[in-house]
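Report on one structure; see the data block that follows.
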Amino acid sequence: MLEIGEKTELTITAFGSEGQGIGRADGLAVFVPGALPGEKVLAVAKKTEKRFAEARLERVLEASPSRAVPPCPYYESCGGCSLMHMTYEAQLAFKTQRVRDALERIGGFSGVHVENCAPSPESLRYRNKSVFSFAESAGKVVSGCLSEKSHAVVPIADCLIAKKEAAAALSAVTEWANAHGVRAFDEKTGGGELRRLMVRTTSAGETMAVVVTKGKLRFEAELIAALMKAVPGIKSIIHNENPERTSLALGRRSRVIFGGSTVTETLAGFCFSVGAESFLQVNGAQTPNLYRAAIDALELCENDDVIDLYCGIGTISLMMAGSARSVLGVEYVPEAIRDAKRNAELNGVNNAEFICGAAENVLPKLVGAGRKFNKLLLDPPRKGAMPRAIEAIIKSGVPRIAYISCNPATLARDCRIFADAGYRIESVQPYDMFANSNHVETVVLMTKE
Ligand code: SAH
């Protein structure tokens with residue numbers, strides 16, 4: 001029996017769903033983060049359960065040709081880019097397989113063809129949004145990312161997958177805090193002030209910085225000056241107040257302290273105004289490819305009435321509007337709906353309508369009231385679509401559905417419900433939106449006679 005702390009030699013034969021290597025010891029599947037299939041490794045058991053164990057990679061004894069040296073000095077401690085020890089080709093192969101495994105094991109589908117994961121145009125410096133945290137260390141404010149493992153702040157000076165502006169803003173805010181005695185917020189005691197920094201930079205280089213504190217913002221003029229110096233041409237600085245005991249980054253109250261309340265992203269020739277609270281895909285160079293694939297799958301024509309569920313700021317709705325008779329977007333964040341309506345105007349689109357509400361409440365009402373639509377796109381958050389939303393889609397009888405998902409597990413679960421109601425999976429295309437992390441985005445086309 002494998003004991004905690006015991007060193008064991010393992011042959012890694014497969015990937016776990018998060019990209020860990022899996023070997024076998026004493027009849028147990030042993031998950032080893034950082035180990036690759038085909039490798040022989042020395043691992044130390046950390047946790048044992050009835051049917052599996054977790055171990056720490058001590059040393060690679062025989063390396064796989066897919067092994068790469070992580071370019072980031074914080075790879076070990078941060079945990080965000082958990083695939084950085086693989087070549088990019090190996091990362092893509094893992095992501096394709098992750099989607100296939102989920103459809104087979106969770107969805108119960110067999111023989112579904114999964115296309116190869118489409119590579120991201122950039123594997124570093126692609127992220128347009130970063131959220132940083134602050135902590136106290138030796139009487140000073142330090143800043144960095146929250147460790148995936150411990151939820152402690154890992155001090156970092158730069159994040160290699162983020163746009164350059166993110167690190168510049170981070171060091172400016174950290175120096176400002178130290179210069180003026182603004183203490184870092186402590187989640188355990190509730191003491192201190194400075195909680196988070198969110199930085200969003202658009203493809204054209206427009207930057208928004210959101211500084212989150214527990215209460216009132218002190219040294220506001222100095223903060224603005226520091227950020228303007230660090231990120232010349234910064235378009236928007238927002239102060240957000242978050243007094244709650246929560247791990248959510250943003251609180252309810254936001255106030256623009258410099259510039260405007262939004263920045264503008266350009267995707268496939270459309271302009272999208274996006275505020276601090278609204279969702280925007282983080283990989284600006286890859287996003288149009290993902291959207292195009294989903295829209296092409298729908299084969300839009302001029303008599304189509306389309307629903308875009310979980311529409312965010314209306315990105316996909318507006319890209320579809322030119323090829324359809326009407327588009328209706330549904331989204332539950334009021335600020336995003338406000339952005340979506342403004343974006344329709346900004347792009348001269350007049351056949352798109354937006355409703356603010358939860359998909360699982362709005363859609364059953366629309367279907368109950370006999371609203372007609374013949375194509376549907378859904379792009380839910382990680383937890384997937386709520387059963388009531390899926391039931392309403394099925395009840396509507398819509399014959400063609402494009403499902404965009406950032407979580408293969410909930411995608412597979414939801415596709416099973418659609419399949420049991422008579423829908424057929426026509427195509428599955430994974431997209432790499434999050435190079436170096438284990439996340440994967442997927443577009444599935446489903447049809448029904
Ligand atoms: N399609 C958009 C947004 C996708 S992200 C884009 O690509 O930009 C998922 C969106 O669903 C987010 O904007 C989130 O606010 C919204 N959302 C989450 N749960 C929801 C629900 N139950 N009903 C409606 N919208 C929801």
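Counting starts at 1 for both ligands and their atoms, in listed order.
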Report summary line: Ranked by distance from atom 22 (N) of ligand 1, the top protein heavy atom is Glu360 OE1, 3.0 Å
Query raised in the report: Of the protein's non-hydrogen atoms, which lies at the shortest distance from atom 11 (O) of ligand 1, and what is that distance?
Result: Tyr310 CB, 3.4 Å
Report summary line: heavy-atom search around atom 10 (C) of ligand 1 in the protein gives Glu331 OE1, 3.5 Å
**Report entry** Residues Arg183, Glu136: salt bridge by 4.0 Å N-O rule
**Finding:** yes
Requested in this report: For Val333, take its heavy atoms, then give the atoms of ligand 1 lying under 4.0 Å from any of them.
Outcome: 15 (O)
Query raised in the report: Are any of the N/O atoms in Ile316 less than 3.5 Å from those in ligand 1?
Result: no
Report task. Within a distance under 4.0 Å of any heavy atom of Ala359, pick out the atoms of ligand 1 and give their elements. Result -> 21 (C), 23 (N), 24 (C)
Requested in this report: Please state whether Cys311 comes within less than 4.0 angstrom of ligand 1, counting heavy atoms only.
Outcome: yes
Query raised in the report: How far is atom 4 (C) of ligand 1 from its nearest protein heavy atom, and which residue and atom is that?
Result: Asp379 OD2, 3.2 Å
Query - Minimum-distance protein heavy atom relative to atom 25 (N) of ligand 1 - result: Tyr332 N, 3.2 Å
Query raised in the report: Val330 near ligand 1, heavy-atom distance under 4.0 Å?
Result: no
Query raised in the report: So, is the end of the Arg416 side chain (NZ or CZ) under 6.0 Å from the ring centre of Phe109 and within 45° of the ring's axis?
Result: yes
Report summary line: Note: ligand 1 atoms sitting under 4.0 Å from heavy atoms of Tyr291 are 6 (C), 7 (O), 8 (O)
Query raised in the report: Going by distance only, is there an N or O of Thr315 that falls short of 3.5 Å from an N or O of ligand 1?
Result: yes
Query - Contacting atoms of ligand 1, where contact means under 4.0 angstrom from a heavy atom of Pro381 - result: 18 (C), 19 (N)
Query raised in the report: So is Gly314 in contact with ligand 1, going by heavy-atom distances below 4.0 Å?
Result: no
